[in-house]
Structures are given as C-alpha cells and as structure tokens.
**Q** 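First the structure, then my questions, so here it is.
When reading the values below, keep in mind they use all heavy atoms of this one structure, side chains included, and skip hydrogens, waters and symmetry mates.
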Amino acid sequence: MVTVIALLSVIGGCSSGTQHVATTPPAAAAPTITDAVMSSGMAMSLSTAGPSKPAAMICSEEVRGDLRTILGAKQLPAGAPSWRYPVYTCSYRLGMGTLTLAVHESADETTAAATVRRLRRDLGGGPSVLGLGPDGYTPADGVVLLRKDNDVLVVDARGLPTVFGSNDQHRADFAFEVATTILGCWTGDDD
C-alpha cells in the first residue's frame, strides 16, 4: 500500500524531492489503462481543437522538469503526446521503462465523476487514496486515478520495474508522487 502520509509531507506542489535512478533492467511492458479510459463510455472522434491547458500540462516542460527532479535525471525526459478526443496522453520512455499519463476531459464535473465511477467499475475498484480528492484511487499497483474539476488524470507506472532507483523507490509510490505533483500544479500549489 502506498505510504500516503509520508509522501504528502515530501511533495510540495509542482516540484518534489530528488530520486536517483539505478540501472535496473526494464520490466516487461504492461498494457496501459488508457484503453479503459478511451472506452469509458464517451463517444470518440478525432478533434482538431486539441486538449485543454490543464490536460496539456502532463506533457509540458514543467511536468518534464518535475519528472527529472523526481528521478534525479540529468536531462528532461521526452514525452510523446497523443490527442484523441476526449483523452490526451503523454508517454515517457524513461531509462528503466515507460510512464504513461492520460487526462480524460469531460463537459462538466458531474460527467467527470460518472467517468471515474465507470472506470472504477470497469477496472475492478481499488482502494481510495487520501489526498487525491473525493475520487482518487489506485485500480492497480503503479496506477493512480484522480479527478479535478472536469478532468480525470490517470498515472500508469506499470511499465516501470516494481522497485527501481538508488532509493529502491516502488512504482506505486512513484505513481502517487507524479499524481500529487500534477494535482498540485493544477490547483496552483507552488510550495
């Protein structure tokens, strides 16, 4: 289980503590939860409008910088963005595996809350996570899902080893740290 209280004391908004990455062999690629997000009951079509500013943040230089800090990396990790209405995805190929971030946009908070309930049902539930709003939960080891206003954020770290880095960081803790960092940026918490 994620050590929520300890991580909350470390995370202070859009930046967080340094983690050092060891040369751990990459884990086998796991399927992402973004397929479930994409098929969460919303009509899908290609859109030329693009993602909202909060959704686009998951592939921004700011989040890339936060990931570099969290991982203790020397260079900004490159994110590969993808927009297929209503989901914006950013996949990061890190030295030890892949981290996938996705934001499902909804017309309003009620629809977003319904999307979370549908995902929770489709993904088999999972424990709620303190500090991630009323809808924050972990449907799988290394996956965190939360809702902020009309956006649903999914952090999927299952493409990373279960334990990695010089501090033996667990991917579940890493996913939580990434989720809280993005949530802090969305809410304007800078410190």
Side-chain angles (χ1 to χ4, degrees), residues 11 13-16 30-67 70 76-93 98-140 142-159 174-190:
I11 297 173
C14 295
S15 298
S16 49
T32 66
I33 288 188
T34 54
D35 290 336
V37 174
M38 291 296 292
S39 63
S40 65
M42 299 294 293
M44 302 295 160
S45 64
L46 294 176
S47 173
T48 57
S52 66
K53 185 176 178 181
M57 181 177 276
I58 65 171
C59 222
S60 69
E61 189 163 331
E62 179 179 8
V63 169
R64 292 172 56 218
D66 290 337
L67 288 174
I70 292 167
L76 289 177
S82 172
W83 170 244
R84 183 173 163 212
Y85 178 82
V87 178
Y88 182 70
T89 305
C90 190
S91 295
Y92 290 93
R93 291 201 179 272
T98 302
L99 169 69
T100 303
L101 306 177
V103 176
H104 183 286
E105 296 184 346
S106 298
D108 53 47
E109 290 184 41
T110 302
T111 307
T115 298
V116 172
R117 286 191 303 274
R118 192 170 29 258
L119 286 170
R120 195 166 197 153
R121 181 196 67 223
D122 294 348
L123 299 173
S128 294
V129 179
L130 227 51
L132 294 182
D135 297 322
Y137 78 103
T138 58
V143 178
V144 176
L145 192 143
L146 65 87
R147 178 182 61 84
K148 170 71 171 96
D149 301 327
N150 64 323
D151 291 324
V152 177
L153 171 68
V154 178
V155 176
D156 187 349
R158 291 179 302 152
F174 175 71
F176 178 81
E177 186 170 4
V178 171
T180 56
T181 297
I182 293 170
L183 181 60
C185 293
W186 281 358
T187 59
D189 296 339
D190 292 329

**Q** Which heavy atom of Tyr88 sits nearest to which heavy atom of Pro51, and what is that distance?
**A**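 Looking at all heavy atoms of both residues, the shortest contact is CD1-CG, 3.4 Å.
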**Q** Indicate yes or no for a side-chain donor-acceptor contact from Asn150 to the backbone of Ser106 under 3.5 Å, with no hydrogens or angles considered.
**A**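 It does hold such a pair.
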**Q** Counting C-beta onward and ignoring hydrogens, is there a side-chain heavy-atom pair between Pro134 and Arg147 closer than 4.5 Å?
**A**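 Pro134 vs Arg147: side chains touch.
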**Q** Would you say the side-chain atoms of Arg120 pair up with the backbone N or O of Asp122, donor to acceptor, closer than 3.5 Å?
**A**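 No: the side chain of Arg120 does not pair with the backbone of Asp122.
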**Q** Are the side chains of Lys148 and Leu183 in touch, meaning some heavy atoms are under 4.5 Å apart?
**A**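 When only atoms from C-beta onward are counted, Leu183 and Lys148 do touch, with a gap below 4.5 Å.
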**Q** Can you check whether Leu123 reaches Val143 side chain to side chain, under 4.5 Å on heavy atoms?
**A**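 Not touching, per the 4.5 Å side-chain cut-off.
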**Q** Ignoring hydrogens, what is the shortest heavy-atom contact between Ala157 and Phe174? Give both atom names and the distance.
**A**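 Looks like CB-CD2, 4.2 Å.
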**Q** Are the side chain of Glu177 and the backbone N or O of Ile70 linked by a donor-acceptor pair below 3.5 Å?
**A**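 It does not hold such a pair.
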**Q** Nearest 0.5 Å, what's the OG-CG distance between Ser60 and Asp66?
**A**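 Here the rounded value is 8.0 Å.
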**Q** Would you indicate whether the side-chain heavy atoms of Thr138 and Phe176 approach each other to under 4.5 Å?
**A**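 The answer is no, as the side chains (C-beta and beyond) never meet within the 4.5 Å cut-off.
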**Q** Where do Ile182 and Val63 come nearest, in terms of heavy atoms and distance?
**A**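 Closest approach of Ile182 to Val63, heavy atoms only: CG1-CG2, 4.3 Å.
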**Q** Taking it one step at a time, do Val87 and Val154 satisfy side-chain contact (heavy atoms from CB on, under 4.5 Å)?
**A** CA-CA 10 Å; Val87 178; Val154 178; over 6 Å; no
**Q** Could you tell me whether the side chain of Leu99 reaches within less than 4.5 Å of the side chain of Val155, counting heavy atoms only?
**A**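 SC-SC contact between Val155 and Leu99 confirmed.
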**Q** Sub-3.5 Å donor-acceptor pair from the side chain of Arg64 to the main-chain atoms of Pro77, do we have one?
**A**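 The answer is yes, because a donor-acceptor pair under 3.5 Å joins these two groups.
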**Q** Looking only at non-hydrogen atoms, find the nearest pair between Tyr137 and Ser128 and report the distance.
**A**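 Closest approach of Tyr137 to Ser128: CB-CA, 3.8 Å.
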**Q** To the nearest 0.5 Å, tell me how far Met57 CE sits from Cys90 SG.
**A**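 The distance works out to 12.5 Å.
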**Q** Rounded at 0.5 Å granularity, tell me how far CG in Asp156 sits from CG in Leu101.
**A**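 Answer rounded to 0.5 Å: 9.0 Å.
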**Q** Please report the C-alpha distance between Leu153 and Val144 in whole Å, then the side-chain angles of each, then the deciding distance to 0.1 Å, and finally whether the side-chain contact (heavy atoms from CB on, under 4.5 Å) criterion is met.
**A** CA-CA 8 Å; Leu153 171 68; Val144 176; over 6 Å; no
**Q** Which heavy atom in Asp151 sits nearest to a heavy atom in Ala112, and how many Å separate them?
**A**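 Between these two residues, the closest heavy atoms are N-CB, 4.4 Å.
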**Q** Could you tell me which non-hydrogen atom of Ala102 sits nearest to which non-hydrogen atom of Thr89, and how far apart they are?
**A**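 Nearest heavy atoms, Ala102 then Thr89: CB-OG1, 4.0 Å.
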**Q** Taking C-beta and beyond as the side chain, do Pro86 and Thr115 meet within less than 4.5 Å on heavy atoms?
**A**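 Sidechains of Thr115 and Pro86: no contact.
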